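Here the structure is a predicted model, which means the values were calculated and not measured. For ligands, and for the atoms within them, numbers begin at 1 and follow the listed sequence.
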Amino acid sequence: MKKALLLISLMTLGLISYGQSSVSLLVDGANSQYTISRHIYGHFSEHLGRCIYDGYWVSESMPVPKKDRIRLDVVEALKKIKIPNLRWPGGCFADEYHWRDGIGPRNQRPTMINTNWGNVTEDNSFGTHEFLELCDLIGAEPFIVGNVGSGTVEELSKWVEYVNYDGISPMTNMRKQNGKEKPWGVTFWGIGNENWGCGGNMTPEYYSTQYRQYSSFAKNYPGTPLSKVACGPNSGDYKWTDVLMQSVATGRGGVWGIDFHYYTRPPRGNMGQGAPQGARPAGQQGQQNAPVQSQGSATNFTEQTYFATMRNAFRMEEYIIKHDSVMTKYDPQKRVALVVGEWGIWTDPEPGTNPRFLFQQNSLRDALIAGTHLNIFNNHCDRVKMAQLAQTINVLQAVILTEGTKMILTPTYHVFDLYKVHHDAKMIPVKFVSPDYILDDQRLPALNVSASQDSSGTVHITLVNIDPNKSITLSTTLNQIKWSTVTGEILTSAKITDINTFDKPETVKIAGFNGARKNGDLLNVVLPSKSVVLLTIK
Ligand code: AHR
């Protein structure tokens with residue numbers, strides 16, 4: 001009786017699983033063809049809420065280590081996960097940002113209203129120089145998004161010149177006067193953001209023409225050929241992809257990638273059955289007067305809500321496959337990248353915070369979503385060559401939260417820490433039939449996986465078990481891979497709702513994993529419920 005009670009309590013606490021499924025995996029080293037670009041592991045930081053201001057960029061008097069006003073504890077944390085690129089200044093903000101307002105002596109910079117995000121006054125103290133200094137400190141490549149919605153062709157053209165030109169020119173002189181002798185040489189430039197919505201409510205035909213014009217005047221200066229990124233589709237808007245690709249993938253001026261956005265939303269009802277809930281009507285997101293629709297709490301959710309949220313997260317793969325097939329009509333050689341420029345879970349803001357600041361907590365659920373997305377991106381790295389999680393600090397699915405001088409790492413941060421081994425490694429296809437995660441007669445694939453081999457020959461496998469109740473036993477064949485040892489690390493916790501807080505910053509953290517064994521040529525793994533695991537095979 002006592003034993004039964006103990007078992008029930010442990011199960012309730014989530015410390016042991018209710019059951020087990022098993023699966024056979026083939027990690028097919030013979031069919032490794034594509035490289036996982038490190039740029040898949042990028043991040044997005046907008047002038048929104050407390051991401052830039054009070055996130056990276058703090059007051060002179062705040063007693064934390066700083067360079068100028070950039071917080072160095074944040075910089076160090078981002079360096080550790082090796083973030084390869086940072087997308088800035090938006091988001092919706094990008095299409096009302098005028099870069100000239102953000103250069104020169106700070107006390108002479110004009111202010112503006114950030115109409116998308118709470119009508120707060122933007123003092124422009126964080127501008128081009130400050131952003132590029134931040135990227136330099138982190139060691140991330142900048143990805144600057146230009147203003148197409150309310151800017152001009154001349155404005156974007158001169159911004160590129162200011163940032164990239166080393167010869168004699170008015171922009172070079174201005175940059176030097178502002179303290180930067182040599183150009184930065186920024187390669188990644190976005191030509192507008194969400195121009196189907198907050199970036200101008202354009203039709204795909206109209207935007208494509210705009211793209212061709214704006215990109216023609218964004219010049220390649222010596223030593224810095226540009227990788228230009230066009231505004232891509234919202235969620236499942238395949239018409240946008242079709243019209244855009246037809247126009248820009250074949251036109252002059254060139255396009256490096258198209259920037260597709262999809263957010264995972266918790267369901268609005270209980271199970272959220274029916275229409276995809278990540279899709280947003282064009283033009284409504286980010287509008288100041290749009291009602292803030294309830295998305296569901298970041299921390300207080302049932303297993304039913306969890307299940308439906310995971311189902312929405314899986315839509316990412318369906319969208320990638322379908323956009324890829326439209327792109328392939330015009331670009332069979334996959335020269336144009338599908339950039340997933342904004343992704344992540346979007347929940348209700350934390351109670352008591354400004355609803356337009358989009359500050360949300362981050363749970364183990366979010367880490368499972370991050371691990372799943374990154375596995376999807378890795379497995380589609382022939383087309384997905386860049387992605388940015390929204391948004392680094394204090395906004396949406398942040399990897400870092402700050403409160404005054406305190407800083408915590410979220411469960412999602414730890415996923416990026418585990419997965420950094422995939423940067424620029426060769427993707428190895430993994431074949432398996434996933435066991436089901438079943439809830440109330442509905443099913444989702446419980447397991448998702450990706451694998452890669454780095455330049456030293458080490459193989460890494462990242463596995464996600466989304467089932468909150470059952471562990472999975474894996475029997476894995478490593479085809480054409482010589483190996484003798486396996487080690488592992490795991491991210492899990494007692495409950496899917498577990499979070500890190502300023503009082504308890506290490507509830508969800510990485511731990512050693514000893515559930516993997518070599519058994520002859522087979523790799524046997526017991527993957528705990530609700531976990532993300534990294535295996536290192538040498
Ligand atoms: O990330 C928040 C907002 O979501 C961005 O500003 C916009 O591009 C998207 O709608």
For E194, the ligand 1 atoms whose distance to one of its heavy atoms is below 4.0 Å: 7 (C), 8 (O), 9 (C), 10 (O)
Option whose closest heavy atom lies nearest to atom 7 (C) of ligand 1, chosen from E342, R87, H261, Q397: E342
Parallel, tilted or perpendicular, as decided by the 30° and 60° cut-offs, for the rings of W196 and H261: perpendicular
Whether W88 and F126 hold their rings parallel, tilted or perpendicular, with breakpoints at 30° and 60°: perpendicular
F359 six-ring face occupied by R50 cation (under 6.0 Å, within 45°): yes
Proximity to ligand 1 by part of N116, non-hydrogen separation under 4.0 Å: neither
Those atoms of ligand 1 less than 4.0 Å from some heavy atom in C92: 5 (C), 6 (O), 7 (C), 8 (O)
cation_pi(R71, Y56) dist<6.0 Å, angle<=45: no
Atom indices of ligand 1, in the order listed, that fall short of 4.0 Å to a heavy atom of N193: 8 (O)
Geometric class of the Y207/Y211 ring pair [parallel <30°, tilted 30-60°, perpendicular >60°]: tilted
G91: numbered ligand 1 atoms lying under 4.0 Å from its heavy atoms: 5 (C), 6 (O), 8 (O)
Polar proximity ligand 1 side, W346 side, N/O cut 3.5 Å exclusive: no
Salt bridge (Lys or Arg N to Asp or Glu O under 4.0 Å) pairs, two or more places apart, involving residues 134-153: R38-E141
D366 and T410, any side-chain heavy atoms less than 4.5 Å apart: no
Which of the ligand 1 atoms, numbered from 1, are nearer than 4.0 Å to a heavy atom of F44: 1 (O)
ring-ring contact (aromatic ring centres under 6.0 Å, His included) between W343 and F44, intermediate numbers included: CA-CA 9 Å; W343 67 272; F44 165 45; over 10 Å; no
Atoms in ligand 1 with a heavy atom of L396 nearer than 4.0 Å: 1 (O), 2 (C)
Parallel, tilted or perpendicular: ring planes of H323 versus Y238, cut at 30 and 60 degrees: tilted
Residue portion contacting ligand 1 (non-hydrogen atoms closer than 4.0 Å) for W117: side chain
Close N or O approach (C198, ligand 1; < 3.5 Å): no
Test item, F93 contacting ligand 1 (heavy atom, 4.0 angstrom): no
Structural part of V395 in contact with ligand 1, heavy atom criterion under 4.0 angstrom: neither
